[in-house]
A.B. asks: 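A single structure is presented below for examination.
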Amino acid sequence: MAKTRVGILISGRGSNMASLIKAAEASDYPAEIVTVISNRPAAGGLAVAAKAGIQTVVIDHKDYATRMAFEAKMHQALLDAGVDLICNAGFMRMLTGGFVDRWKNRQLNIHPSLLPSFPGLDTHERALREGVRIHGCTVHFVRLEMDTGPIVAQAAVAVMPGDTPDTLGARVLEAEHRLYPHALRLVASGAVRVSGEDIRFAPPTDTPAALFSPPLRP
Ligand code: GAR
């Protein structure tokens with residue numbers, strides 16, 4: 001079966017992008033990364049992608065008078081690269097309805113919280129302030145409202161005593177690097193489908209029913 005052609009949108013260091021590139025190097029992975037687009041010329045991820053032999057494109061939003069003009073350029077670059085599916089990986093620009101609609105059910109995002117808790121910025125700081133015992137990350141299909149959309153996969157991370165936003169964030173980021181390749185595999189292989197605003201999938205039988213934090217002790 002033909003591999004799903006993926007374009008990754010980044011704004012920064014691109015560690016999630018790197019995890020997708022690495023996963024896609026496996027011959028049996030159902031997706032290939034065909035282009036990486038950054039809205040920031042200084043994004044560290046650009047060099048990482050180029051080193052992996054992947055086409056990189058800079059579309060600096062500051063060069064465009066309107067969001068729509070910026071997005072039209074991005075749309076064209078994605079079409080030029082023959083992209084089937086977009087993965088946002090630390091892409092920090094709000095998208096308008098025009099772009100989101102054109103890529104409906106063909107655009108994924110990773111967010112550093114268990115959505116719908118803590119959309120937006122400073123998720124680790126806010127999770128600690130609220131005193132949650134379980135935090136994590138989410139991969140979801142993109143909808144117009146920021147950090148919403150059908151949820152493909154989540155990873156839960158226990159909050160530890162003494163955690164700071166940095167220590168907790170580092171643990172969540174590690175989980176992100178495992179979650180995103182997993183979620184992309186599910187979508188690209190067709191194991192997960194969107195139906196309206198619902199996700200259809202067959203859960204593996206060994207999925208644990210509950211995660212406890214602090215852990216249960218006998
Ligand atoms: C990641 O933690 C990602 O989840 C987050 O930005 C970071 C990017 O790191 N994204 C968002 O907050 C989007 N709402 P990376 O550039 O190293 O992948």
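Reckoned from all heavy atoms, side chains included, excluding hydrogens, waters and symmetry mates. Counting convention: from 1, in listed order, for ligands and their atoms alike.
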A.B. asks: Check this for me - ligand 1, N109, N or O atoms closer than 3.5 angstrom, yes or no?
C.D. replies: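 No.
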A.B. asks: Just to be sure I read this right, does ligand 1 sit under 4.0 Å from the backbone of D147, its side chain, both, or neither, counting only heavy atoms?
C.D. replies: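 Side chain only; the backbone of D147 stays clear of ligand 1.
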A.B. asks: Does I54 reach the side chain of T35, with side-chain heavy atoms less than 4.5 Å apart?
C.D. replies: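 Heavy-atom side-chain distance check fails, nothing below 4.5 Å.
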A.B. asks: Test: ring-ring contact (aromatic ring centres under 6.0 Å, His included). Region: residues 40-86. Which pairs qualify, not counting sequence neighbours?
C.D. replies: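 ring-ring contact (aromatic ring centres under 6.0 Å, His included) check on residues 40-86 returns H75-W103.
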A.B. asks: Within a distance under 4.0 Å of any heavy atom of S15, pick out the atoms of ligand 1 and give their elements.
C.D. replies: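 Per the distance check, 15 (P), 16 (O), 17 (O), 18 (O).
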A.B. asks: Give me the residue, atom name and distance of the protein heavy atom closest to atom 9 (O) of ligand 1.
C.D. replies: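 Answer, as residue, atom name and distance: R13 NH2, 3.2 Å.
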A.B. asks: Judged by atom type as modelled, is there a donor-acceptor pair below 3.5 Å linking the side chain of R126 to the main-chain atoms of L121?
C.D. replies: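 Confirmed, R126 side chain pairs with L121 backbone.
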A.B. asks: What protein heavy atom lies closest to atom 16 (O) of ligand 1? Include the residue and the distance to one decimal.
C.D. replies: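 Checking every protein heavy atom, the shortest distance to atom 16 (O) of ligand 1 gives G14 N, 2.9 Å.
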A.B. asks: Provide the number and element of each atom of ligand 1 under 4.0 Å from a heavy atom of G90.
C.D. replies: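 Matching atoms, with element in brackets: 6 (O), 8 (C).
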A.B. asks: Can you tell me which residue and heavy atom of the protein come closest to atom 10 (N) of ligand 1, and the distance to 0.1 Å?
C.D. replies: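 Sorting protein heavy atoms by distance from atom 10 (N) of ligand 1 puts I110 O, 3.7 Å first.
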A.B. asks: Kindly compute the distance separating CD1 (I86) from CD1 (I8), expressed to the nearest 0.5 Å.
C.D. replies: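 These two atoms lie 11.5 Å from each other.
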A.B. asks: According to ring-ring contact (aromatic ring centres under 6.0 Å, His included), who are the partners of H124, at least two apart in sequence or on a separate chain?
C.D. replies: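 Scan of H124 (ring-ring contact (aromatic ring centres under 6.0 Å, His included), adjacent residues dropped) gives H135.
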A.B. asks: Can you pull out the closest protein heavy atom to atom 2 (O) of ligand 1? Residue, atom name and distance to 0.1 Å, please.
C.D. replies: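 Sorting protein heavy atoms by distance from atom 2 (O) of ligand 1 puts E176 OE2, 2.9 Å first.
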A.B. asks: I need the nearest protein heavy-atom contact for atom 12 (O) of ligand 1: residue, atom name and distance, please.
C.D. replies: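 Ranking protein heavy atoms by distance from atom 12 (O) of ligand 1, first comes P112 CD, 3.4 Å.
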A.B. asks: Decide whether L114 and L128 are clustered together by the hydrophobic rule: side chain heavy atoms of Ile, Leu, Val, Met, Phe, Trp, Tyr closer than 4.5 Å, transitively.
C.D. replies: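 Each belongs to a different hydrophobic cluster.
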A.B. asks: Specify the protein heavy atom at minimum distance from atom 14 (N) of ligand 1: its residue, its atom name, and the distance to 0.1 Å.
C.D. replies: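 For this ligand atom, the closest protein heavy atom is H111 ND1, 3.1 Å.
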A.B. asks: Looking at ligand 1, does M146 have a heavy atom less than 4.0 Å from it?
C.D. replies: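 Heavy atoms of M146 never come under 4.0 Å of ligand 1.
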A.B. asks: Heavy-atom count check: over 12 atoms from other residues, nucleotides or ligands less than 6.0 Å from M68 CE?
C.D. replies: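 It does not: M68 CE has 12 such atoms or fewer within range.
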A.B. asks: Looking only at N/O atoms, are L173 and ligand 1 under 3.5 Å apart anywhere?
C.D. replies: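 It does not: no N or O of L173 is found under 3.5 Å from an N or O of ligand 1.
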A.B. asks: Are T4 and D84 close enough that a side-chain donor and a side-chain acceptor fall under 3.5 Å?
C.D. replies: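 Checked: T4/D84 side chains show no N/O donor-acceptor pair below 3.5 Å.
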